Amino acid sequence: MNLIDHACLLRQRVRGRSPLVHCMTNFVAMDTAANAVLAIGASPAMMHAREEVAEFAAIADALTVNIGTLSPDWVRSMEVAIDAASRAGKPWVFDPVGVGATTLRRRAAATLLRLKPTVVRGNASEIMVLAGLAGTGQKGVDSTRDVAEAEAPARQLAKAAGCVVVVTGVVDIATDGERVLRTTNGHPLMPRVTALGCALTAIIGAFLAVGDDPLHSAAVATALFGLAGEIAGQEALGPGSLRVGLMDALHNLDSTAIRTGLDLS
C-alpha cells in the first residue's frame with residue numbers, strides 16, 4: 001500500500017473508531033487541541049490531576065504530554081499518566097514545548113524522555129536541544145533553527161530514545177532513525193496561529209491509536225494537518241479566519257482531497 005492509500009485508510013479508521021485521546025496539554029492549547037481532535041473525528045479529554053490521570057490514561061487509546069505551561073506538579077502527574085499508559089500498552093506522544101528556554105524544562109524533558117515516548121514532536125530548536133546539542137537556545141517557544149539543520153539530530157534522537165521523531169516547520173519530517181518521511185503541506189499563516197503545533201501533537205495521538213506503524217501514523221497525521229491548513233489558507237483573510245477554516249478543513253478532509261493534495265514521500 002502506498003503512502004497516499006495508507007493516509008486515506010488511517011483517516012477512515014480515525015473517523016470510524018473515534019479513538020479517545022488523553023491530552024495533558026498547556027493552558028494556551030487546550031481549546032485548539034480539543035477542537036482539532038474533534039474535527040479530525042477522534043475524542044479528546046483534558047485531565048491533569050494526579051489523583052485521576054493513571055485511571056484515565058489506562059482507558060484512553062493514546063496519551064499526549066505537552067510541557068507548554070509547566071509546573072513541578074504537572075510533571076509528576078505526567079509521569080504517573082505515562083506509567084499507566086505504558087503498562088496498558090497505549091502509545092504516548094511527547095511535545096517538548098520551549099525545552100531550550102529554561103532549566104526546569106530541560107530537566108523535565110530529560111525525565112520524560114527516559115520514559116520512552118512512542119513519538120516526540122517538536123520544532124527544530126526543540127529537537128536539537130533534546131538531541132543534546134548545546135547552544136540551541138530558543139526565542140521563547142519558537143524555533144530559531146531550520147528543519148534541515150535538525151534532520152541529523154532527529155535521526156540521532158530517534159535511535160537513542162527508541163522512538164519516532166517529528167520535526168515541524170516549512171518542511172515537516174518524521175523519522176525512526178532509519179527511515180525518513182517528508183511533507184511540504186502547510187500554509188505560511190499557520191505559524192501565526194498559536195497552539196497549532198500542540199494541536200498536531202494531539203492529532204498524532206489519535207493516528208497512533210489506529211495505526212500499526214508509528215512512523216507512518218505520525219507522518220500521515222502531520223501531512224493531513226498541513227493539508228488542512230493549506231486548504232484553509234486558500235480562503236483565509238488572516239490568522240483568525242485560518243484558525244476557523246482549519247477546523248472545517250480537518251472535518252471535511254476526504255479521500256478526494258487527500259489524493260488531490262497530500263504531499264508525503
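Here the structure is a predicted model, which means the values were calculated and not measured.
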Tell me the closest heavy-atom pair linking [X] and [Y], and the distance in Å.
X    : Y    : value
L262 : A7   : CD2-CB, 3.6 Å
P44  : A34  : CG-O, 3.4 Å
A228 : L250 : CB-CD2, 3.6 Å
T118 : P91  : OG1-CA, 3.3 Å
V80  : A54  : CG1-CB, 3.7 Å
A42  : P19  : CB-O, 3.4 Å

Residue pairs, two or more places apart or on separate chains, that pass ring pair (Phe, Tyr, Trp, His ring centres under 6.0 Å) and touch residues 216-248 | H6-H216
Output every pair passing ring pair (Phe, Tyr, Trp, His ring centres under 6.0 Å) with a member in residues 64-114, not counting sequence neighbours, ordered by first then second residue.
-> F27-W74, H48-W74
If two hydrophobic side chains count as joined below 4.5 Å and joins carry through other members, does [X] share a cluster with [Y]?
X    : Y    : result
L104 : V28  : no
L215 : V180 : no
L208 : F56  : no
L10  : V93  : yes
V220 : I231 : yes

I'd like to check [X] versus [Y] (side-chain heavy atoms, cut-off strictly below 4.5 Å). Are they in contact?
X    : Y    : value
E149 : M128 : yes
L253 : L224 : yes
I173 : V166 : no
V167 : N123 : no
V120 : I127 : yes

Pair L63-V65, side chain to side chain contact (heavy atoms under 4.5 Å, CB included): steps then yes or no = CA-CA 7 Å; L63 169 69; V65 171; 4.0 Å; yes
Mind checking who shares a hydrophobic cluster with V244, ILVMFWY linked at side-chain heavy-atom distances under 4.5 Å?
->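 In the cluster with V244 there is nothing else; it is isolated.
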Residues clustered with L38, ILVMFWY side-chain links under 4.5 angstrom = none
Backbone of [Y] reached by a side-chain donor or acceptor of [X] within 3.5 Å:
X    : Y    : answer
S18  : R15  : no
T183 : D263 : yes
E126 : V99  : no
K90  : A57  : no
D172 : G169 : yes

Can you list the residues that meet the salt bridge (charged side-chain N to carboxylate O under 4.0 Å, His left out) rule with K116, with sequence neighbours excluded?
-> none
Sequence-distant partners of R11, salt bridge (charged side-chain N to carboxylate O under 4.0 Å, His left out), two or more places apart = none
Any side-chain donor-acceptor pair under 3.5 Å between D31 and N35?
->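 The answer is yes; a qualifying pair exists.
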Start with the C-alpha distance between M24 and M47, add both sets of side-chain angles, then the distance that settles side chain to side chain contact (heavy atoms under 4.5 Å, CB included), and finish with yes or no.
-> CA-CA 6 Å; M24 300 184 76; M47 297 185 184; over 6 Å; no
At what distance, to the nearest 0.5 angstrom, does [atom1] of [X] lie from [atom2] of [Y]?
X    : Y    : atom1 : atom2 : answer
T175 : R182 : OG1   : CZ    : 9.0 Å
M46  : N26  : CE    : CG    : 9.5 Å
L9   : S255 : CG    : OG    : 9.5 Å
M247 : T32  : CE    : OG1   : 5.5 Å
L130 : L112 : CG    : CG    : 10.0 Å
L3   : C8   : CG    : SG    : 11.0 Å

When you look at CZ of R76, are more than 12 heavy atoms from neighbouring residues, nucleotides or ligands closer to it than 6.0 Å?
-> yes
Summary of side chain to side chain donor-acceptor pair (under 3.5 Å) pairs that have at least one residue in residues 221-236, sequence neighbours excluded = N185-E230
What residue pairs, at least two apart or across chains, pass side chain to side chain donor-acceptor pair (under 3.5 Å) with a residue in residues 49-64?
-> none
Salt bridge check: are D212 and R13 linked by an N-O gap of less than 4.0 Å?
->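 Here D212 pairs with R13 in a salt bridge, since their nearest N and O are under 4.0 Å apart.
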Any ion pair linking D176 and R155 (charged N to carboxylate O, less than 4.0 Å)?
->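 Looking at R155 and D176, the cut-off is not met.
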Hey, mind stepping through I67 and M78 against side chain to side chain contact (heavy atoms under 4.5 Å, CB included) and telling me if it holds?
-> CA-CA 9 Å; I67 64 170; M78 290 168 177; 4.2 Å; yes
By side-chain hydrogen bond (donor to acceptor under 3.5 Å, both in side chains), D213 pairs with (sequence neighbours left out) R179
With sequence neighbours excluded, residues passing side-chain hydrogen bond (donor to acceptor under 3.5 Å, both in side chains) with R192 |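 Once residues adjacent in sequence are excluded, R192 has no partner under the side-chain hydrogen bond (donor to acceptor under 3.5 Å, both in side chains) criterion.
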List the steps and the verdict of side chain to side chain contact (heavy atoms under 4.5 Å, CB included) for L196 and V193.
-> CA-CA 6 Å; L196 291 193; V193 182; 3.8 Å; yes
Under the side-chain contact (heavy atoms from CB on, under 4.5 Å) test, which residues partner V75, sequence neighbours left out?
->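 V75 satisfies side-chain contact (heavy atoms from CB on, under 4.5 Å) with L70, E79, A108 only.
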Could you tabulate the donor-acceptor pairs under 3.5 Å formed by side-chain atoms of residues 197-204, not counting sequence neighbours?
{"unit_1": "T201", "atom_1": "OG1", "unit_2": "D95", "atom_2": "OD2", "d": "2.6"}
{"unit_1": "T201", "atom_1": "OG1", "unit_2": "R121", "atom_2": "NE", "d": "2.7"}
{"unit_1": "T201", "atom_1": "OG1", "unit_2": "G197", "atom_2": "O", "d": "3.3"}

